[in-house]
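Remarks on the structure that follows.
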Amino acid sequence: MSENKTLYIVDGSSYIFRAFYAIRSLSTAAGFPTNAIYGFTQMLMRLLRDENPEYIAMTFDVSDVDVPNFRKVLYDDYKANRSAMPDELREQMPYFSKVVEALHIPIKTQVGVEADDVIATLTRQARAEGFEVCIVSADKDLMQLLADEVRMLDTMRDKTYTPEEVQERFNVTPDKVKYVLALAGDSSDNIPGVPGIGEVTGGRLIEEFGDLENLLANIDKVSGKKRKENLENFADQARLSLELVTLRDDCDVEFQPEDLVLSKPNFAELDALFTELEFGSPLRDVRKWMEAKGWLEPEPEKPKKAKKAKKKPSDQLDFFSSAAGANSAAAEQNDHTNSGKNYRAIRSVEAFEEVLAKLAEVDRFAFDLETTSLNPLDAQICGMSFAWQPNDAVYIPCAHSYEGVGEQLDLDYILEKLRPFLESEDAKKVVGQHLKYEWLVLQKYDIDLRAILYDTMLMSYLLDPSSNKHGMDAMAMQWLNYQTISYEDVAGKGKSQVTFDKVHLDAAVPYGAEDADITLMLCNLLEPMLIEAGLKEIHDTLEVPLTRVLAIMEAEGIQIDPEMLGVLSVEFDQELGELQDQIDELSGGPTNPNSPKQLREVLFERLGLPVKKRTKTGPSTAASVLEELSELHELPALILEYRSFSKLKGTYVDALPLLIREDTGRIHTSFNQAVAATGRLSSSNPNLQNIPMRTARGRQIRKAFVPAPGYQLLVADYSQIELRIVAHMSQDPLLLDAYKRGADIHRLTASQIFDVDFEEVTSAQRGAGKTINFGVLYGMGARRLAASLRISQGEATQYIDNYFERYAGVSAFFDKLVADATHSGYAETMFGRKRQIADMGTLGRREQAFAERVAINTPIQGSAADIIKFAMVNLQAKIEAEELPMRMLLQVHDELVFEVEDAFVDAAKTIVREAMEGVCELDVPLLVDLGCGDNWLDAK
DNA sequence: CTCGCCACGTAC
DNA sequence: GACGTACGTGGCGAGT
């Protein structure tokens with residue numbers, strides 16, 4: 001970094017478009033789209049906060065009917081293939097300059113030219129005055145402006161472009177980029193270029209000939225007949241393209257440094273504007289930033305809101321929310337009685353009351369919501385369907401909105417009438433598919449879906465947990481040989497897909513009704529199978545109750561500190577830059593350490609290092625290989641280092657802050673209940689079950705997971721739950737005794753396999769004992785053990801033999817698990833969860849070995865999963881029954897994370913310990929380690 | 001440009 | 001022949 005003053009020039013127009021397309025949907029409660037304004041504002045705030053510019057200018061493309069764009073004059077088809085601006089964006093246009101003006105960022109524009117030309121002009125002028133320039137954009141056309149004192153920053157990707165990087169991409173220095181662009185053309189701006197020449201070829205030609213005219217004068221020296229021809233035929237087109245891509249740095253804008261100083265924004269104006277746009281978090285960001293700059297008095301701490309605002313059911317229930325021109329004769333027009341099915345719309349109070357009467361009468365009914373979003377936290381209900389006998393179902397539209405939709409019942413009215421059926425714990429009748437989704441949506445409408453009788457997704461999962469086809473469509477095909485109407489058929493696909501509220505009832509009714517109909521039929525079919533397999537109890541007492549617990553946890557979310565991660569991101573970025581330089585140096589050329597393909601070329605061909613392992617596509621560059629190779633050369637260690645930073649940055653540090661929700665200020669994972677074959681949960685979007693823990697650097701990420709103000713994080717993990725389960729299930733005397741005495745199990749194992757006294761075990765031996773204890777759970781072989789302990793395979797074999805000799809009960813137990821699985825065809829947990837295993841004994845060596853490991857691992861891993869799931873259900877019940885000031889937030893296989901009110905932490909520890917340790921009675925104690933703190937790392 | 005597969009790396 | 005269960009990312013080739 002230099003001492004010079006830096007002028008930041010923002011390419012506003014390009015950010016408007018990128019923001020619009022990057023953020024799929026965002027609008028105010030009233031439905032006014034705000035996605036582009038939001039993205040644009042976030043970009044600006046990030047720039048102001050991270051770069052802290054003193055001098056700044058914003059540019060926009062402006063048009064004026066009286067002053068034609070000079071490029072358009074040169075070339076009538078310039079940007080002719082651009083589609084018209086979408087209406088949702090057009091509506092947002094007036095707001096960008098409002099945001100910029102309120103922030104007091106000077107705007108520089110000129111009609112007749114483009115923002116890029118203004119940027120070029122300002123850049124030239126600023127450099128003349130001794131300024132450095134940072135162009136905030138990602139437009140490749142602007143790369144021609146880069147120089148030692150001019151860089152380009154893409155804030156959306158957090159990437160800085162230097163002249164060196166431009167050279168790498170185009171093979172020429174920035175000042176010659178325009179020639180390459182002129183040859184290559186640009187389809188998005190409709191710049192023709194020369195056919196058959198792209199960036200790569202163009203770059204090579206300009207590298208050789210220096211500029212366009214010299215190239216055209218020496219066409220005879222160009223290789224390739226067709227290429228020569230094209231250059232000759234399209235020479236003028238190339239010259240025209242050059243004029244179009246060359247930026248004009250002689251625009252009529254005045255550069256007065258004092259005009260471009262960023263001054264104190266008008267907070268009142270920003271407050272009003274962001275409030276209008278419903279931008280809670282940007283407003284907080286502005287406030288924080290202005291406080292940090294000393295431009296604003298810190299706001300007095302506000303007490304946290306008691307509970308998120310629940311939608312209050314309206315006192316006055318309107319029967320009809322929309323009376324848009326439909327008469328009552330048309331009200332029930334969307335019946336679909338073809339192909340023996342009776343699918344119909346419910347659009348009148350009378351018809352709805354008949355449905356209610358039916359729901360009261362039957363002992364089960366299928367229920368399904370149609371909404372505007374796959375993400376339940378964003379979803380708004382459009383309608384719902386019910387079915388209580390096969391081939392007979394109703395769809396109740398309540399928020400479809402398109403021209404001429406006709407009468408619909410009012411959502412609040414229906415929900416109030418349905419509340420007893422959905423919430424009743426005494427008369428559970430609701431059958432559904434993946435009802436966690438419905439719970440999460442209904443929760444926003446203040447309905448607590450507790451009346452679940454069956455969830456077909458969970459039934460299917462319990463019947464065959466290895467399958468990954470628990471979706472309704474796949475199940476309908478598998479069990480009913482029935483092809484369901486696809487979502488794309490009714491809502492369209494790709495760009496033209498619409499939300500369900502825009503779907504015409506002629507399509508929505510059969511689609512929605514079918515969902516309920518099929519769900520009910522599937523339930524009726526799967527129920528006897530579930531009972532027959534002995535899985536009904538685990539469905540009723542474990543999985544179904546757990547669904548609601550998971551939903552509560554997902555809705556709650558967890559707070560993260562984006563600023564802390566921002567700091568890490570910058571640090572990691574610097575490390576990555578330095579490592580990249582060293583790697584390029586040692587590789588003898590630019591090398592992407594994230595590209596296995598490039599690494600193969602460098603390591604095994606250029607440097608001739610030995611191949612240790614192969615993947616399907618060639619020599620492996622996995623970490624274990626690079627570790628071995630690091631003895632022979634310095635490069636592999638640098639690559640490992642690079643990869644570890646890159647992984648942490650890409651997967652966690654940069655990704656997590658983007659997932660903070662505007663409305664809750666927190667991140668919300670999904671806990672998947674029908675994915676893992678052993679019965680474990682999984683977590684996705686984001687996966688919060690693989691947040692780094694192993695390395696010191698990775699652990700820093702955990703510090704960014706924080707409790708709400710006034711709360712602490714409480715972490716409870718089961719101590720060695722899987723090994724304790726082995727002890728219990730195997731009844732191995734040595735293990736049972738050790739756990740009953742509370743002995744150090746890794747030390748014990750070390751003393752057994754190394755045949756030394758318990759007291760004499762060294763810490764290295766204990767470490768080996770730990771590795772073996774864990775390895776045994778997965779069926780680790782000698783080769784793997786040898787690799788991880790860095791010993792010979794012979795020694796590893798000896799240790800494993802010793803293990804099973806000393807823990808003879810474990811050995812016999814494993815043999816029995818394999819025998820049982822061979823006999824029954826499945827592996828089973830302590831609580832009767834089953835996982836099918838392919839016909840053992842008829843398999844090839846490889847498959848047989850795998851099946852045996854599955855037969856051993858599944859009962860262990862699966863029983864642990866069952867245990868913690870039971871504990872979660874019990875704990876949540878207690879939290880609610882006693883209204884404890886604590887919330888369950890996360891589950892990480894053997895660990896639960898809670899948010900607990902400060903004053904209640906000690907009491908909570910006791911409650912959690914008792915619930916988790918007492919969840920079931922084993923022949924060894926089940927112990928829980930507890931910790932608390934102001935972040936996830938300190939709490940562990 | 002978008003999609004899907006591969007290799008890789010993170011967790012328990 | 002390789003240690004069980006997951007999920008996400010970047011690279012890259014094949015489709016557009």
Side-chain angles (χ1 to χ4, degrees), chain A residues 21 187-188 465-466 468 493-495 592-600 612-626 639-640 642-656 659 669-672 674-695 697-699 701-702 717-718 720-723 771-772 774-788 793 796 800 827 835 843-862 864-865 868 890-895 936:
Chain A
Y21 289 108
S187 57
S188 69
S466 308
N468 52 4
K493 61 175 175 179
K495 244 173 89 82
N592 181 349
N594 284 326
S595 164
K597 196 182 155 188
Q598 290 183 31
L599 287 186
R600 257 174 228 149
K612 301 278 179 182
K613 207 161 75 163
R614 287 188 174 274
T615 68
K616 280 178 214 168
T617 50
S620 166
T621 65
S624 61
V625 172
L626 297 185
I639 296 168
L640 284 169
Y642 182 97
R643 282 215 195 125
S644 88
F645 277 113
S646 172
K647 172 75 178 180
L648 295 176
K649 185 164 189 288
T651 308
Y652 307 103
V653 174
D654 290 348
L656 290 175
L659 298 172
T669 184
S670 292
F671 286 109
N672 313 307
V675 171
T678 54
R680 274 188 177 183
L681 298 176
S682 78
S683 156
S684 55
N685 302 309
N687 181 356
L688 295 184
Q689 290 181 322
N690 72 346
I691 302 302
M693 188 60 192
R694 214 182 62 242
T695 65
R697 267 204 304 275
R699 276 199 290 275
I701 294 164
R702 290 206 173 208
D717 30 338
Y718 279 114
Q720 298 170 357
I721 187 169
E722 295 192 351
L723 276 174
T771 302
I772 293 188
F774 281 116
V776 158
L777 300 174
Y778 307 140
M780 185 192 264
R783 187 170 163 154
R784 177 69 178 245
L785 181 63
S788 56
Q793 215 165 307
I800 292 173
R835 173 183 179 181
L843 305 169
R845 267 169 70 109
R846 215 165 82 110
E847 289 81 6
Q848 176 69 23
F850 180 73
E852 288 182 6
R853 287 194 295 272
V854 168
I856 291 167
N857 179 257
T858 299
I860 303 168
Q861 194 180 109
I868 195 167
L890 301 177
Q891 189 252 40
V892 194
H893 309 309
D894 64 355
E895 166 185 354
W936 196 1

Using a cut-off of 4.0 Å on non-hydrogen atoms, how would the nucleic acid contact of [X] be classed: base, sugar-phosphate, or nothing?
X	value
Ile691(A)	sugar-phosphate
Arg846(A)	sugar-phosphate
Asn690(A)	base
Phe774(A)	nothing
Met780(A)	base
Ala849(A)	nothing
Thr621(A)	sugar-phosphate
Gln861(A)	base
Ser788(A)	nothing
Lys616(A)	sugar-phosphate
Ser683(A)	sugar-phosphate

Rounded to whole Å, please give me the gap between [atom1] in [X] and [atom2] in [N].
X	N	atom1	atom2	answer
Met693(A)	dC7(C)	CE	C1'	19 Å
Leu843(A)	dG1(C)	CG	P	18 Å
Leu656(A)	dT10(B)	CG	C1'	12 Å
Asp894(A)	dG4(C)	CG	P	19 Å
Gln689(A)	dG9(B)	CD	C1'	16 Å
Gln598(A)	dC8(B)	CD	P	14 Å
Arg784(A)	dG4(C)	CZ	P	9 Å
Ile639(A)	dG10(C)	CD1	C1'	16 Å

Can you tell which of [options] lies closest to the side chain of [X]?
X	options	answer
Ala623(A)	dC7(C), dA7(B), dG9(B)	dG9(B)
Lys647(A)	dG8(C), dA2(C), dG4(C)	dG8(C)
Asn594(A)	dG11(C), dC3(C), dC8(B)	dG11(C)
Arg835(A)	dA11(B), dT5(C), dC12(C)	dT5(C)
Ala622(A)	dG4(C), dG9(B), dC7(C)	dG9(B)
Ala677(A)	dT5(C), dA2(C), dT10(B)	dT5(C)
Phe850(A)	dT10(B), dT5(C), dG1(C)	dT5(C)
Val675(A)	dC8(B), dG4(C), dC7(C)	dC7(C)
Lys597(A)	dC3(C), dC12(C), dA2(C)	dC12(C)
Arg702(A)	dC7(C), dC3(C), dC12(B)	dC12(B)

Using the closest heavy atom to pick a nucleotide of DNA chain C for each, name whichever of Arg614(A) or Pro596(A) lands nearer the 5' end.
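Final value for this comparison: Arg614(A).
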Test item: [X] and [Y] side chains (from C-beta on) under 4.5 Å apart, heavy atoms:
X	Y	value
Thr695(A)	Ser644(A)	no
Pro619(A)	Arg614(A)	yes
Gln689(A)	Phe671(A)	yes
Asn690(A)	Tyr652(A)	yes

If the P atom of dG1(C) is compared with that of dA7(B), how far apart are they to the nearest Å?
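Per the computed distance, 14 Å lies between those P atoms.
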Using the C1' atom in both, what is the distance from dT16(C) to dC12(C), to the nearest Å?
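These two C1' atoms come out 16 Å apart once rounded.
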Establish, from distance only, whether the side-chain atoms of Ser684(A) and Asn672(A) form a donor-acceptor pair under 3.5 Å.
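Yes, because at least one side-chain N or O of Ser684(A) sits under 3.5 Å from a partner of the opposite role on Asn672(A).
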Under 4.0 Å from OP1 or OP2 of [N]: is there any side-chain N or O of [X] that close?
X	N	answer
Thr617(A)	dC6(B)	no
Ser595(A)	dC12(C)	yes
Arg643(A)	dG9(B)	yes
Arg853(A)	dG4(C)	yes
Thr678(A)	dT5(C)	no
Asn685(A)	dG8(C)	yes
Arg680(A)	dC12(B)	no
Asn592(A)	dG11(C)	yes
Ser620(A)	dC8(B)	yes

side-chain contact (heavy atoms from CB on, under 4.5 Å), that's the test. Do Arg835(A) and Thr678(A) meet it? Break it down for me.
CA-CA 7 Å; Arg835(A) 173 183 179 181; Thr678(A) 54; 3.8 Å; yes
Name the pairing partner of dC12(C), where a pair is Watson-Crick or G-U wobble with both distances under 3.5 Å, or state none.
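In the structure as shown, dC12(C) has dG4(B) as its Watson-Crick or wobble partner.
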Watson-Crick or G-U wobble partner for dA2(C), using a 3.5 Å limit on both distances?
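Per the H-bond distance test, none.
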So, does the side chain of Arg845(A) form a donor-acceptor pair with the base of dG1(C) at under 3.5 Å?
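Checked by distance alone, the answer is yes.
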Within this structure, what is the CD-CD distance for the pair Glu847(A) and Glu852(A), rounded to the nearest 0.5 Å?
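Glu847(A) CD to Glu852(A) CD: 12.0 Å, rounded to 0.5 Å.
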What heavy-atom pair brings Asn592(A) and Gln598(A) nearest, and what distance separates the two atoms?
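Answer, listing the atom of Asn592(A) first, then Gln598(A): N-OE1, 2.7 Å.
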Short side-chain to backbone donor-acceptor contact, Ser683(A) and Leu688(A), under 3.5 Å
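Checking the backbone N and O of Leu688(A) against the side chain of Ser683(A), a donor-acceptor pair under 3.5 Å is found.
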